[in-house]
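Only one structure is covered here, and it is reproduced in the block below.
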Amino acid sequence: MSEVVRYEVEDGIAVITIDNPPVNALGAGVSEGVVAGADRAAADPAVQAVVLIGAGRSFIAGADIRRFGTKRETPTRRSYDALEASPKPVVAAIHGFALGGGLENALCCTWRIAVPEARIGLPEVLIGIIPGGGGTQRLPRVAGVKAALEMITSGRHVPAPEAKFLGIIDELVETGDLRAAAIAFARSIAGKGLRRVGEIPPPAAEAGLFEAQRKVIARKARGQPAPFAAIAAVEAATRLPLAEGLAEERRLFAELENSPEARALRYAFFAEREVAKLPHLPKDTPTPEIRRVAVVGAGTMGGGIAMSLADAGIPVKLMDASPEGLTRGLQKIRDNYAVSVKRGSLTQAEMDRRLPLIEPVEGYDAIADCDAVIEAVFEQLPAKQEVFRGLDAVMKPGALLFTNTSALDIDQIAAATGRPEAVAGTHFFAPANVMKLFEVVEGAKTAPATLLAAMKLGRAIGKVSAYAGTCDGFVANRSRIPFGLEQNLMVEEGARPEQIDRVMTAFGYPMGPFAVNDLSGLDVNYMTRKRRAAADPNYRKWPVADRLVEMGRKGQKTGAGWYRYEPGDRTPHPDPIVDQIAREVAAELGIEQRSFTDEEILHRLLFASVNEACRILAEGKALRASDIDVMWLNGFGFPRYRGGLMFWADGIGAREIYNQIAAWHQRYGARWAPAPLLREIAEAGGSLREAKAPQLRNG
Ligand code: COA
């Protein structure tokens with residue numbers, strides 16, 4: 001047998017165990033090992049039935065994603081063929097995950113049993129491909145076309161009880177050891193005949209189903225071929241005998257494997273795993289447990305933070321400076337949950353479980369025994385420092401003190417306490433209970449254990465934790481600011497907001513940047529800009545945006561911002577007043593207005609951010625370029641199928657970007673000064689997405 005697959009026989013039942021840590025991906029030797037096991041069981045007259053099971057934490061998490069896009073030999077026989085051809089019944093015993101090739105192997109077994117906590121699915125579309133091991137042909141044969149289509153086009157992980165309901169799982173193993181239960185099950189069905197999924201005739205689909213599904217996914221799958229290819233493959237299952245359907249699936253799979261979207265999505269998958277790692281910290285750093293959390297400040301942000309903790313089952317004490325603020329905040333939380341129940345995205349029972357986890361309290365003494373506090377009060381340094389002084393006075397030793405500031409200096413906040421080692425930033429993105437990005441900010445004195453605990457807390461509440469060093473705007477917003485600046489300056493130069501929005505939605509953003517500004521409210525960043533302008537005499541102001549706010553045009557909530565809105569309708573309508581303000585500002589500043597090509601708009605916005613990302617990396621404020629990509633994917637709606645800012649930039653090439661930035665430096669002045677790291681990468685012909693902070697470069 002191979003090193004990653006074991007074979008044992010127990011009382012007439014052969015047990016094939018896949019042992020390829022951490023998640024039993026179908027890496028080198030696994031498929032071969034399963035084939036060898038199936039052959040051995042078939043040839044041994046003493047074996048009556050076979051069990052296929054995974055060691056460790058999972059059944060099989062799917063194909064080894066690292067092997068996609070590489071040259072590899074196609075084996076003469078794949079595990080799917082060997083399992084389905086087995087002359088003896090094979091029981092797939094599932095715990096953890098049976099995803100992609102994992103579920104496809106299970107579908108080639110004659111029976112499938114699972115523990116209730118197991119999850120199954122065909123998530124290939126999430127990495128830009130379709131199942132390539134028969135999933136699109138066999139799943140519709142057991143679950144029906146409609147359910148299979150939904151699963152394959154969404155990539156959803158389906159809980160085992162639901163999979164049983166759909167007919168994919170035959171039996172749930174509620175108690176006891178799965179291996180023992182699988183052997184007992186195998187013994188009970190041995191000799192009772194085979195029921196192969198592949199022998200089920202092509203399933204029928206109701207009229208119009210495929211067309212309807214194409215419409216359902218049209219918006220979300222925009223720019224992505226894989227979900228549409230998945231529909232075509234399932235359609236083939238309804239028309240063709242198995243062998244021909246499998247050939248069609250292979251053909252569609254092969255077309256997608258090296259598509260730009262698949263390469264970008266694979267990159268994003270691994271970038272999101274890499275971002276969790278902080279290799280510059282001492283290896284043996286302990287990670288304190290956080291079981292109970294307090295949130296200080298019951299405004300929009302604090303309320304959203306409390307909800308995201310409660311959603312993950314973490315008890316929260318919520319406090320506010322004023323009793324009215326607390327009452328209002330709690331009511332808002334209740335209303336938010338009630339809206340989700342009304343929309344059907346949350347059950348009443350789930351709301352009733354989450355709401356009591358948020359306990360309103362008064363005064364710091366009431367939170368003193370919490371393991372961590374997240375401060376979310378007004379974004380002004382003195383207010384934050386006062387809170388931290390209060391926390392320092394009461395919190396138990398070892399409690400961790402986090403601030404949700406989006407730009408203030410963590411060190412100045414930490415200086416208000418006698419325990420700066422326990423202070424870090426945990427920066428949520430609005431709305432806090434929805435957005436996935438969780439930026440963990442290290443201050444000069446933050447202890448490694450504090451950082452690791454914050455990273456872990458983010459993951460525990462289902463967010464993507466990403467490290468940032470303290471600096472104005474930290475990593476995510478700082479890398480995004482130049483985009484915002486160019487977006488505004490191009491309007492002065494004659495580009496219209498609607499053109500810029502059109503370019504960016506065509507690029508793949510769900511909304512254009514001006515429409516997003518109108519949605520969030522133009523007054524939000526107005527104050528931050530005032531603060532920056534006061535601190536920096538060279539700060540380039542945004543006069544058009546400022547004038548809109550000063551006219552009372554604060555976005556959707558006031559019926560006008562960059563666009564105008566009809567009452568009760570969120571559709572943005574271009575407004576000539578904005579063009580007029582832009583013309584006035586241009587005249588005052590001596591800027592000549594002109595027209596822009598779509599490409600120039602895209603490049604101006606994104607190159608500006610690539611340049612800043614290089615500075616951030618060179619300063620060691622972000623650890624890896626891929627971390628910045630993860631932030632853009634999870635914080636700003638950057639299209640995932642383009643990988644992220646730096647991955648996309650590599651598609652253009654560091655040299656071309658450097659040359660363009662150098663030209664704009666000549667034309668527009670200092671703000672376009674090329675970052676030295678960009679220049680270095682361009683001259684070396686290197687890759688932007690592989691750029692690392694100095695503290696990681698020698699590791
Ligand atoms: N191929 C290669 N490596 C994989 C993998 C796969 N299919 N699935 C997981 N891994 C690796 C991860 O990169 C990570 O490696 P690292 O520790 O070196 O960073 C490790 O396994 C653990 O994965 P992680 O995602 O951190 O664990 P988790 O418990 O949070 O999630 C899964 C487990 C299986 C849900 C998740 O890893 C996943 O969705 N995997 C991909 C499944 C998939 O798409 N399969 C179909 C492929 S066609």
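Side-chain atoms are counted along with the backbone in the values below, which use heavy atoms only and exclude waters and symmetry mates. Whatever order the structure lists ligands and atoms in, that order sets their numbers, starting from 1.
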Check your understanding: Are any non-hydrogen side-chain atoms of V316 and L357 less than 4.5 angstrom apart?
Key -> no
Practice item. State whether any protein heavy atom lies less than 4.0 Å from atom 30 (O) of ligand 1. Key: no
Practice item. For ligand 1, indicate whether the residue K277 contacts it via side chain, backbone, both or neither (heavy-atom separation under 4.0 Å). Key: side chain
Study note, to complete from the structure: Under 4.0 Å from one or more heavy atoms of P22, ligand 1 contributes atoms 20 (C), 21 (O)
Check your understanding: Do any nitrogen or oxygen atoms of V23 come within less than 3.5 Å of a nitrogen or oxygen of ligand 1?
Key -> no
Practice item. May I ask you to check whether E274 and S626 show a side-chain donor-acceptor distance below 3.5 Å? Key: no
Review point. Of all the non-hydrogen atoms in the protein, which one sits nearest to atom 44 (O) of ligand 1, and at what distance?
Key: P123 CG, 3.5 Å
Exercise for review: Answer yes or no for atom 48 (S) of ligand 1: protein heavy atom present at a distance under 4.0 Å?
Suggested key: yes
Check your understanding: Between R273 and ligand 1, does any nitrogen or oxygen pair lie at a separation below 3.5 Å?
Key -> yes
Study note, to complete from the structure: Residue, atom and distance of the protein heavy atom nearest atom 2 (C) of ligand 1 read D64 OD1, 3.2 Å
Exercise for review: Give a yes or no on whether the ring-centroid distance for Y467 and H280 is below 6.0 angstrom.
Suggested key: yes
Exercise for review: Look at the rings of W632 and F636 and say which category their plane angle falls in: under 30° parallel, 30 to 60° tilted, over 60° perpendicular.
Suggested key: perpendicular
Review point. At a 4.0 Å threshold, what atoms of ligand 1 neighbour a non-hydrogen atom of F270?
Key: 13 (O)
Exercise for review: Starting from atom 7 (N) of ligand 1, locate the nearest protein heavy atom and write down its residue, its atom name and how far away it is, to 0.1 Å.
Suggested key: A63 O, 2.8 Å
Review point. With L457, which of D371, I374, V440, T287 fulfils side-chain contact (heavy atoms from CB on, under 4.5 Å)?
Key: I374
Review point. Does R57, backbone or side chain, put an N or O under 3.5 Å from an N or O of ligand 1?
Key: yes
Review point. Are H95 and E117 close enough that some pair of their side-chain heavy atoms sits under 4.5 Å apart?
Key: no
Review point. Does I65 reach ligand 1 with a nitrogen or oxygen that is under 3.5 Å from one of the ligand's nitrogen or oxygen atoms?
Key: yes
Exercise for review: Taking all heavy atoms of D629 and all of M646, pick out the closest pair and write down the distance.
Suggested key: OD1-N, 2.6 Å
Revision key, fill the gap. The option among A61, G62, G132 carrying the non-hydrogen atom nearest to atom 42 (C) of ligand 1 is A61
Study note, to complete from the structure: In terms of its nearest heavy atom to atom 38 (C) of ligand 1, the top option of F253, F97, F269 is F269
Practice item. Answer yes if the side chains of E272 and N634 hold a donor-acceptor pair under 3.5 Å, and no otherwise. Key: yes
Practice item. Please check if atom CZ in F165 has more than 12 non-hydrogen atoms from other residues, nucleotides or ligands closer than 6.0 Å. Key: no
